Colleague: 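Pasting a structure here, questions to come.
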Amino acid sequence: MVASTEIKVAASPFNQESADAILRTADTIDFYVHTQVLSLASPLFASMFSIPQPSPSSQLSSTASRPIIDLSEDSSVIDPALRYCYPVVNPVIADFDILDGVLTVASKYDIEVVTSSAG
């Protein structure tokens with residue numbers, strides 16, 4: 001029997017029901033995000049969110065009609081990268097490997113606020 005992977009929801013502020021998209025990390029953590037916030041922080045996200053979404057299917061969350069976007073990164077680097085985009089306290093990153101991962105995410109998704117703040 002294959003064990004099912006449990007999907008967890010990220011901590012605040014990425015657990016808000018008012019979010020209009022979900023970023024699912026490689027370690028199956030769902031980040032409920034606001035596309036407007038990420039679009040302001042990243043031209044790549046702005047382009048991604050401007051593409052018409054597919055009709056309702058298995059890629060929509062069961063709780064609402066929010067698109068789920070699968071990411072290849074783990075939550076350990078997505079969480080701090082997203083915190084730089086949101087109007088919350090910037091994270092303190094003491095682990096070099098996490099910092100390297102966050103900067104890689106910032107480069108991949110063109111999130112300038114991360115590279116200018118964390119770099």
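This structure is a prediction, so every number in the text was calculated from the model and none was measured. All residue numbers refer to positions in the sequence shown, counting from 1.
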Colleague: Describe, in one word, how the ring planes of Phe14 and Tyr86 are oriented to each other, choosing from parallel (under 30°), tilted (30 to 60°) and perpendicular (over 60°).
Modeller: perpendicular
Colleague: So, Asp110 versus Ser42: side-chain donor-acceptor pair below 3.5 Å or not?
Modeller: no
Colleague: Quick one: closest heavy-atom pair of Tyr32 and Arg66, and the distance?
Modeller: CE2-NH2, 3.2 Å
Colleague: Distance alone, cut at 3.5 Å: any donor-acceptor contact between the side chains of Thr25 and Asp74?
Modeller: no
Colleague: Identify whether the distance between the nearest side-chain nitrogen and carboxylate oxygen of Arg24 and Asp30 falls below 4.0 Å.
Modeller: yes
Colleague: Do Ile78 and Leu82 make a side-chain contact, defined as non-hydrogen atoms from C-beta onward lying under 4.5 Å apart?
Modeller: yes
Colleague: Can you tell me how far the CZ atom of Phe31 sits from the CG atom of Leu38, to the nearest 0.5 Å?
Modeller: 11.5 Å
Colleague: Which heavy atom of Ser18 sits nearest to which heavy atom of His34, and what is that distance?
Modeller: OG-NE2, 3.0 Å
Colleague: Just how far is it from atom CG of Leu40 to atom CD1 of Ile111, taken to the nearest 0.5 Å?
Modeller: 12.5 Å
Colleague: Indicate whether the side chain of Lys108 and that of Ser72 have a donor and an acceptor atom separated by less than 3.5 Å.
Modeller: yes
Colleague: In Å, rounded to the nearest 0.5 Å, how long is the span from CD of Glu73 to CG of Asp27?
Modeller: 10.5 Å
Colleague: From Ser76 OG over to Ile29 CD1, what is the distance, rounded to the nearest 0.5 angstrom?
Modeller: 10.0 Å
Colleague: Assess, by modelled atom type and distance only, whether the side chains of Glu112 and Tyr84 contain a donor and an acceptor separated by less than 3.5 Å.
Modeller: no
